[in-house]
Amino acid sequence: MNNISCELITAYIGLGSNLENPIAQINSARLAITQIEGVKELAFSSLYQSLPMGPQDQPDYVNAVMAISTSLEPLVLLRSLQSVENAQGRVRIGERWGARTLDLDILLYGNVVLDLPDLKVPHVGLAERSFVLYPLQEIAPDLLIPSKANLAELVAQCPLDGLRRLN
Ligand code: ROI
């Protein structure tokens, strides 16, 4: 045993896609995330169809939320998720809040609050996004969100905004 630091953190990842077969994008991202060393899947929500937040001249999104147990530090986890995005054809140019093949966001990392240039947790948009809150509630109904509120309160204040469960 030479692995000294092995604290496991429960983190929540938001998955979103609105290009090139979004359902397949989400399913293959799920598989790729489970194959990251130091990551184990704990739960995966249903898939949801959602109206685009941001510019409206883009296709509807498919969204889901995944709970993982991880030994990776937050920024290492972020870089690993970015590799998955890149492997699935994500191109970081073009319009802000435009269409994308795959978006992976760290929504929560245990009870940690982080405000780094590259990573803010809890995710800044979490409280306003039905396509994050409802799937999150499905897999973690009793969740407390550090520095915000409990999830049930946030869900109660967030209209569905066209969100539809797909499966
Ligand atoms: N809108 C929806 N419905 N779902 C997303 O995952 C999503 N992701 C984004 C922006 C462009 C803000 N809009 C979205 O990054």
Side-chain angles (χ1 to χ4, degrees), residues 10-34 36 39 41-68 70 74-75 77-109 113-141 143 145 147-149 151 154-167:
T10 299
Y12 293 87
I13 312 295
L15 301 90
S17 169
N18 72 343
L19 288 180
E20 299 186 32
N21 195 345
I23 292 177
Q25 296 288 347
I26 299 295
N27 287 330
S28 55
R30 176 184 186 177
L31 196 62
I33 292 168
T34 57
I36 299 170
V39 172
E41 178 180 315
L42 298 177
F44 202 91
S45 75
S46 305
L47 303 187
Y48 291 77
Q49 183 172 338
S50 61
L51 302 175
M53 166 179 267
Q56 295 297 296
D57 58 341
Q58 57 178 318
D60 286 355
Y61 279 77
V62 175
N63 286 105
V65 171
M66 181 176 188
I68 60 168
T70 186
L75 286 174
L77 177 62
L78 177 68
R79 301 294 172 236
S80 303
L81 296 175
Q82 286 170 342
S83 308
V84 174
E85 289 176 340
N86 294 339
Q88 290 188 214
R90 170 81 179 262
V91 180
R92 287 177 191 280
I93 47 166
E95 186 182 27
R96 178 173 181 259
W97 280 14
R100 65 267 323 269
T101 50
L102 181 62
D103 198 12
L104 300 176
D105 290 326
I106 301 177
L107 304 171
L108 296 165
Y109 182 88
V113 177
L114 277 179
D115 189 359
L116 303 172
D118 287 358
L119 180 61
K120 309 204 188 313
V121 287
H123 188 274
V124 284
L126 187 138
E128 294 85 48
R129 297 185 172 189
S130 62
F131 56 86
V132 169
L133 292 176
Y134 286 83
L136 193 53
Q137 189 184 41
E138 191 192 327
I139 60 171
L143 199 64
I145 315 260
S147 85
K148 294 202 193 296
L151 179 60
L154 296 179
V155 169
Q157 289 160 16
C158 185
L160 271 174
D161 199 21
L163 189 74
R164 283 202 306 125
R165 202 160 99 179
L166 288 175
N167 54 349

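Just so you know, ligand 1 is whichever comes first in the structure, and atom 1 is the first atom listed for that ligand.
Residue Asn63 has at least one N or O atom closer than 3.5 Å to an N or O atom of ligand 1. Of the polar atoms of Gly54, none of the N or O atoms is found under 3.5 Å from an N or O of ligand 1, judged by distance alone. Geometrically, ligand 1 and Ser50 share a nitrogen or oxygen pair separated by less than 3.5 Å.
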CA sep, side-chain torsions, deciding dist, call: Asp118, Arg79, salt bridge (charged side-chain N to carboxylate O under 4.0 Å, His left out): CA-CA 10 Å; Asp118 287 358; Arg79 301 294 172 236; 2.9 Å; yes
Working for side-chain contact (heavy atoms from CB on, under 4.5 Å), residues Tyr12 and Leu143: CA-CA 11 Å; Tyr12 293 87; Leu143 199 64; 3.7 Å; yes
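A side-chain donor-acceptor contact under 3.5 Å links Gln58 to the backbone of Ala99.
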Give every donor-acceptor pair under 3.5 Å between a side-chain atom in residues 45-54 and any protein atom, sequence neighbours left out.
from, atom 1, to, atom 2, distance (Å)
Ser45, OG, Val65, N, 3.0
Ser45, OG, Val65, O, 3.4
Ser46, OG, Glu138, OE1, 3.2
Ser46, OG, Glu138, OE2, 2.8
Tyr48, OH, Glu138, OE1, 2.5
Gln49, OE1, Arg164, NH2, 2.9
Gln49, NE2, Asp60, OD2, 3.0
Ser50, OG, Asn63, OD1, 2.7

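Scanning Arg100, Met53, Gln49 for the heavy atom closest to atom 15 (O) of ligand 1 points to Arg100.
Residue-level proximity to ligand 1 for Tyr61 is carried by the side chain, the only part with a heavy atom below 4.0 angstrom. Within the 4.0 Å heavy-atom criterion, neither part of Asn18 lies near ligand 1.
With ligand atoms numbered from 1 in the order given, ligand 1 contributes 2 (C), 3 (N) to contacts under 4.0 Å with heavy atoms of Leu51.
Expressed to the nearest 0.5 Å, how far CG of Leu77 lies from CD1 of Ile13 amounts to 5.0 Å.
Glu20 and Gln25 share no side-chain donor-acceptor pair at under 3.5 Å.
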